[in-house]
2 protein chains.
Amino acid sequence: MELQIISEGRRGAYAKRRMAEFADRCRQGGLAVTPQRLAIIEALLAATDHPRAETIFAAVRKLHPHISLATVHRTLETLCQIGEARKVTMLHDSARYDGNLAPHHHVVCVRCRRIRDVEISGLERVIDSNAELKGFRPLGWSLEIQALCDSCRKEASDARRRGRRQALK
Amino acid sequence: MELQIISEGRRGAYAKRRMAEFADRCRQGGLAVTPQRLAIIEALLAATDHPRAETIFAAVRKLHPHISLATVHRTLETLCQIGEARKVTMLHDSARYDGNLAPHHHVVCVRCRRIRDVEISGLERVIDSNAELKGFRPLGWSLEIQALCDSCRKEASDARRRGRRQALK
DNA sequence: GCCTAGATGATAATTATTACCATCCGATAC
DNA sequence: GTATCGGATGGTAATAATTATCATCTAGGC
Ligand SMILES: [Mn+2]
Ligand SMILES: [Mn+2]
Ligand SMILES: [Zn+2]
Ligand SMILES: [Zn+2]
């Protein structure tokens with residue numbers, strides 16, 4: 001198994017393609033195509049550093065000095081919902097502590113943030129501290145598996161059912 | 001490669017062993033052994049749910065009604081520093097967005113939070129959506145590699161050098 | 001062009017975390 | 001055991017990130 005940092009080289013072409021599709025994707029998702037949304041997705045696609053909302057805000061502001069920080073927060077969230085962006089981790093709202101020092105991994109429910117330990121036999125070997133990661137010296141690693149826990153899955157499907165009934169009325 | 005949720009079964013024995021070593025570990029790290037620290041590490045070792053500071057606070061409060069939430073925050077941070085606890089992810093201070101929808105992984109500098117994309121050929125196969133994860137339905141996954149970036153490594157070693165010189169004066 | 005649901009900007013509110021500082025107490029030396 | 005002192009704690013203020021609220025605006029359908 002080989003491991004390497006993805007170069008920023010071909011990112012321009014990718015961004016261009018994504019921008020071309022973006023307006024349609026919005027309409028498919030039932031969203032209006034606003035100048036703010038265009039500016040925000042453009043800034044996000046131009047960035048390779050996994051920016052925070054504040055960073056996107058600063059970038060977008062140069063062309064749209066009237067944009068509000070709240071709009072940037074809202075829009076980034078919306079983009080994640082329609083699958084045009086993602087978060088690096090969904091565990092960003094509060095620090096979660098772990099007393100288990102043994103190397104292991106985690107499943108995280110995307111809805112209720114429940115976390116359970118996961119063991120993956122063999123994954124320890126995938127990386128070692130000598131791994132080739134230009135510019136970084138690895139110290140540790142852990143896989144985050146995004147998932148839906150059973151109780152959230154149940155709640156979600158119940159809600160969908162209620163929604164449909166509501167819609168039919 | 002096999003993948004499964006770690007059972008909570010043997011956690012009791014582990015916790016007991018860690019508690020036995022804890023006082024010595026504190027002294028080794030130059031920390032006083034206070035009732036608050038004992039209560040907090042005990043609560044953390046008893047938990048299997050990767051609690052937030054607030055949750056530990058609630059648990060500890062039952063026996064130490066006078067403990068302060070600030071102490072819990074501080075102590076959990078301290079425990080991480082001496083290696084008696086860890087965070088599930090260190091990217092919890094603000095949401096980091098990613099416009100790259102292709103499945104990939106991340107190196108994160110533990111000091112400056114710089115994030116770069118990483119490709120690991122072959123890791124896609126490790127998990128698939130049918131993976132056996134009792135109670136969870138997997139949706140996606142991504143490896144977080146904790147690391148120290150070159151510029152932080154330089155700064156850190158410079159600081160260490162300055163510190164030593166200072167100490168010699 | 002007109003209408004309306006949804007989007008935005010400005011700002012207040014909320015939540016998590018850290019800073020501050022007076023007081024306290026665990027560890028060390030006597 | 002007692003004195004001493006630097007680090008630890010509690011209470012609270014301050015900060016930072018995010019979300020809520022609401023009046024106003026506008027994209028998209030007619
Ligand atoms: Mn864990
Ligand atoms: Mn990425
Ligand atoms: Zn859940
Ligand atoms: Zn760094």
Side-chain angles (χ1 to χ4, degrees), chain A residues 22-43 50-58 60-82 84-85 87-97 112-113 167, chain B residues 22-43 50-58 60-82 84-85 87-97 112-113 167:
Chain A
F22 181 70
D24 281 337
R25 290 275 173 83
C26 280
R27 295 201 191 92
Q28 274 168 35
L31 300 179
V33 180
T34 66
Q36 290 89 338
R37 279 178 184 155
L38 286 166
I40 289 166
I41 187 74
E42 187 159 31
H50 307 82
R52 316 181 325 122
E54 189 74 45
T55 310
I56 294 282
F57 177 57
V60 169
R61 223 178 186 185
K62 290 175 187 164
L63 286 171
H64 299 257
H66 285 298
I67 199 167
S68 153
L69 176 57
T71 299
V72 176
H73 274 286
R74 265 185 315 233
T75 302
L76 287 169
E77 207 52 47
T78 307
L79 293 180
C80 289
Q81 272 161 26
I82 65 167
E84 286 293 292
K87 293 179 184 167
V88 174
T89 175
M90 73 200 97
L91 292 172
H92 60 86
D93 35 346
S94 61
R96 301 286 294 260
Y97 294 91
C112 68
R113 307 281 148 88
Chain B
F22 182 70
D24 281 337
R25 290 275 174 83
C26 279
R27 296 201 191 92
Q28 274 168 36
L31 300 179
V33 180
T34 67
Q36 290 89 339
R37 278 177 184 158
L38 286 166
I40 289 166
I41 187 75
E42 188 160 30
H50 307 83
R52 317 180 324 123
E54 188 74 44
T55 310
I56 294 282
F57 178 56
V60 169
R61 227 179 182 183
K62 290 174 187 164
L63 285 171
H64 298 258
H66 284 299
I67 199 168
S68 151
L69 176 57
T71 299
V72 175
H73 274 286
R74 265 186 314 232
T75 301
L76 287 168
E77 207 51 49
T78 307
L79 293 179
C80 289
Q81 273 162 24
I82 65 167
E84 287 293 291
K87 293 180 184 167
V88 174
T89 175
M90 74 202 98
L91 293 172
H92 60 87
D93 35 346
S94 61
R96 302 285 294 259
Y97 295 91
C112 67
R113 307 284 148 88

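Labels below follow one simple rule: chain letters A, B, ... track the order of the sequence lines, proteins then strands, and each chain is numbered from 1. Computed from heavy atoms alone, side chains included, the values below leave out hydrogens, waters and symmetry copies. Values in this document were obtained by computation on a predicted structure and should not be read as measured data.
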Check: So which heavy atom on A/Glu84 is nearest to which on A/Ile41, and how close?
Finding: O-CD1, 3.8 Å

Side chain of [X] only, please: which of [options] is the nearest?
X	options	result
A/Arg37	D/dA17, D/dT9, C/dT8	C/dT8
B/Ala95	D/dT18, D/dA20, D/dG10	D/dT18
B/Ile67	C/dT17, D/dG10, C/dG26	D/dG10
B/His73	C/dT17, D/dT18, D/dG10	C/dT17

Margin query: On DNA chain C, does the nearest nucleotide to B/Arg27 precede the nearest nucleotide to B/Glu54 from the 5' side, or the other way round? Give the residue.
Written below: B/Glu54

Notebook entry, point to check: Of B/Val33 and A/Ala32, whose nearest nucleotide on DNA chain C comes first from the 5' end?
Noted result: A/Ala32

Margin query: Around atom CZ of A/Arg113, are there more than 12 heavy atoms from other residues, nucleotides or ligands closer than 6.0 Å?
Written below: yes

Checklist line | With A/Ile40, the side-chain contact (heavy atoms from CB on, under 4.5 Å) member among A/Thr34, A/Thr78, A/Val72 | finding: A/Val72

Checklist line | B/Thr34 vs A/Leu31, nearer the 5' end of DNA chain D by closest nucleotide | finding: B/Thr34

Item checked: Residue whose nearest DNA chain D nucleotide is more 5′ - B/Pro35 or A/Glu77 -> B/Pro35

Starting from [atom2] on [N], measure out to [atom1] on [X] and report it in whole angstrom.
X	N	atom1	atom2	result
B/Gln36	D/dG7	CD	P	17 Å
B/Ile82	D/dA8	CD1	C1'	14 Å
A/His92	C/dT17	NE2	C1'	16 Å
B/Arg61	D/dG11	CZ	C1'	12 Å
B/Gln81	C/dT18	CD	C1'	13 Å
B/Asp24	C/dA27	CG	P	11 Å
A/Phe57	C/dT11	CZ	P	12 Å
A/Leu69	C/dA13	CG	P	18 Å

Margin query: Looking at A/Glu77 and A/Lys87, is there a salt bridge between them, counting it only when a charged N and a carboxylate O are closer than 4.0 Å?
Written below: yes

Note to self: When you measure from the side-chain N and O atoms of A/Thr71 to the phosphate of C/dG9, is any distance below 4.0 Å, counting only OP1 and OP2?
What the structure shows: yes

Item checked: B/Gln36 vs B/His64, side-chain contact (heavy atoms from CB on, under 4.5 Å): CA-CA, chis, key distance, verdict -> CA-CA 8 Å; B/Gln36 290 89 339; B/His64 298 258; 5.6 Å; no

Notebook entry, point to check: Is there a donor on the side chain of A/Arg74 or the base of C/dG9 sitting less than 3.5 Å from an acceptor on the other?
Noted result: yes

